[in-house]
2 protein chains.
Amino acid sequence: MLVNFNEQAEEMIRHTGGRITSCRVLVLGILLAEKKAISHHEIEERIGDDQPLDRVTLYRILEWLSKKGLAHKVISDDRKWRFRTNIYTGSHQHAHFKCSRCTTVICLSDIKTEYCWPLPPGYRSQEVELTVKGLCAACA
Amino acid sequence: MLVNFNEQAEEMIRHTGGRITSCRVLVLGILLAEKKAISHHEIEERIGDDQPLDRVTLYRILEWLSKKGLAHKVISDDRKWRFRTNIYTGSHQHAHFKCSRCTTVICLSDIKTEYCWPLPPGYRSQEVELTVKGLCAACA
DNA sequence: TAAAAATATGCAACAAAGTTGCATTAATGT
DNA sequence: ACATTAATGCAACTTTGTTGCATATTTTTA
């Protein structure tokens, strides 16, 4: 299973024309095995002590994967970048509500965001991030 | 004009039952004079050297204003918190498109987000943040 | 396939944004 | 006006991410 992700990772990296290194394969393999976006620290945890990888190298690999379009990064409320492979993009297609007073976030499962939003010609939608902000029942 | 904002700020702070201090009035006044969300650093710049205000105090005031519901904070792609008074909420009601490869952001003025999204009972919408992510014409 | 060129990695030091502890100062209630 | 309570300022710290440079690994090419 993990081997499979690593093969896929290697293939994806090869396709970019960039160098295939064990570190890159390892990191991209971890991202492929994950459906949600994960942070630098979470990736380090998944690596464990088996194959030690320098903090800075991991940062640079993540940056490189983003630049090559194999992953993309999103900023979260904890000021950390989280990374996800672009192939799972579109898997979290529902809206959120965030209370601007108590900051609680809930999922608005009634709202489907797969709707085709009108984009300029040539643009391709992968994912829609929709957050309604306001006051929740307790804070209103 | 600025005086007016300060009076309004003072009134808002009084209404929370919290202490009315010159620092709080100053900061909230600045936020009221601003239509968009601004960062800690940008607030410091607007303060200038007239009324020196400690870095940490400013952080704590902003946190306090958020807790009291007079302002709310949003995280941006530069990993900085930006703060805005809740009264201007709703002023930036259109969608964005962000390219997941080149990270360029454009405004999708065709999409109006004022639409009434179905919320749970008691919830009140103030603002809608809608970002379509994908590939722009140049990267697709 | 061995050497040269190009690029990735690891280490140390650094930077920016935000946080915590504590003594001092200012605002409010009596 | 004084006591009480809360806000401010300062110093030191934490966390996340970045930069410079020497070393090691890929890839190219001869």
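All figures in this text were calculated on a predicted structure; none of them were measured in a lab. Residue numbers begin at 1 in each chain, while the letters A, B, ... track the order of the sequences.
- At dG17(D), none of the side-chain N or O atoms of R55(A) fall inside 4.0 Å of OP1 or OP2 (strictly under the cut-off).
- End-to-end axis angle for the helix from dT1(C)-dA30(D) to dT30(C)-dA1(D), using five pairs per end and rounding to 10°, comes out at 30°.
- Applying the salt bridge (Lys or Arg N to Asp or Glu O under 4.0 Å) criterion to E44(A), with sequence neighbours excluded, gives no partner residue.
- OP1 or OP2 of dG10(C) lies within a sub-4.0 Å distance of a side-chain N or O belonging to T57(A).
- The nearest whole Å value for the distance from the CG atom in D54(B) to the P atom in dT20(C) is 15 Å.
- DNA chain C is contacted by both E63(B) and T21(B); E63(B) maps to the nucleotide lying nearer its 5′ end (nearest heavy atom per residue).
- Projected onto DNA chain C by closest heavy-atom contact, P52(A) and V56(B) fall at different nucleotides, the more 5' of which corresponds to P52(A).
- At a cut-off of 3.5 angstrom, the base of dG17(D) holds no donor-acceptor pair with the side chain of R60(A).
- Applying the side-chain hydrogen bond (donor to acceptor under 3.5 Å, both in side chains) criterion to R60(A), with sequence neighbours excluded, gives no partner residue.
- The CD1 atom of I43(B) lies 6.5 Å from the CZ atom of F83(B); values are rounded to the nearest 0.5 Å.
- The CZ-C1' distance, from R24(B) to dT28(C), rounds to 12 Å in whole Å.
- The phosphate of dT18(D) has neither OP1 nor OP2 within less than 4.0 Å of any side-chain N or O from Y59(A).
- The side chain of S22(B) places no N or O atom within less than 4.0 Å of a non-bridging phosphate oxygen (OP1 or OP2) of dA26(C).
- With respect to the salt-bridge test (charged N to carboxylate O, under 4.0 angstrom), the residues K67(B) and E63(B) do not qualify.
- In this structure, L58(A) places its CG atom 13 Å from P of dT16(D), rounding to the nearest Å.
- Remark: R79(A) is not positioned above the aromatic ring of W81(B), lacking an NZ or CZ atom under 6.0 angstrom from the ring centre and at most 45 degrees off the axis.
- Listed candidates were dT28(C), dA27(C), dA8(C). Nearest to the side chain of I20(B) is dT28(C).
- A salt bridge does not link E129(B) with K98(A): every distance from a Lys NZ or Arg NE/NH1/NH2 to an Asp or Glu carboxylate oxygen is 4.0 Å or more.
- Remark: R19(B) is not in phosphate contact with dA26(C), judged by side-chain N or O atoms under 4.0 Å from OP1 or OP2.
- dT8(D) atom P lies 8 Å from atom CG of L53(B), rounded to whole Å.
- Remark: P of dT19(C) and CZ of R79(A) are 8 Å apart, rounded to the nearest angstrom.
- The interatomic distance linking I61(B) (CD1) with dG18(C) (P) rounds to 15 Å, in whole Å.
- Although no hydrogens or angles enter the test, the distance criterion places a donor-acceptor pair under 3.5 Å between the side chain of H40(A) and the main chain of R55(A).
- Taking atom CZ of R82(B) as the reference point, atom P of dA16(C) lies 16 Å away to the nearest angstrom.
- In this structure, CD of Q51(A) is placed 14 Å from C1' of dG10(C), rounded to the nearest angstrom.
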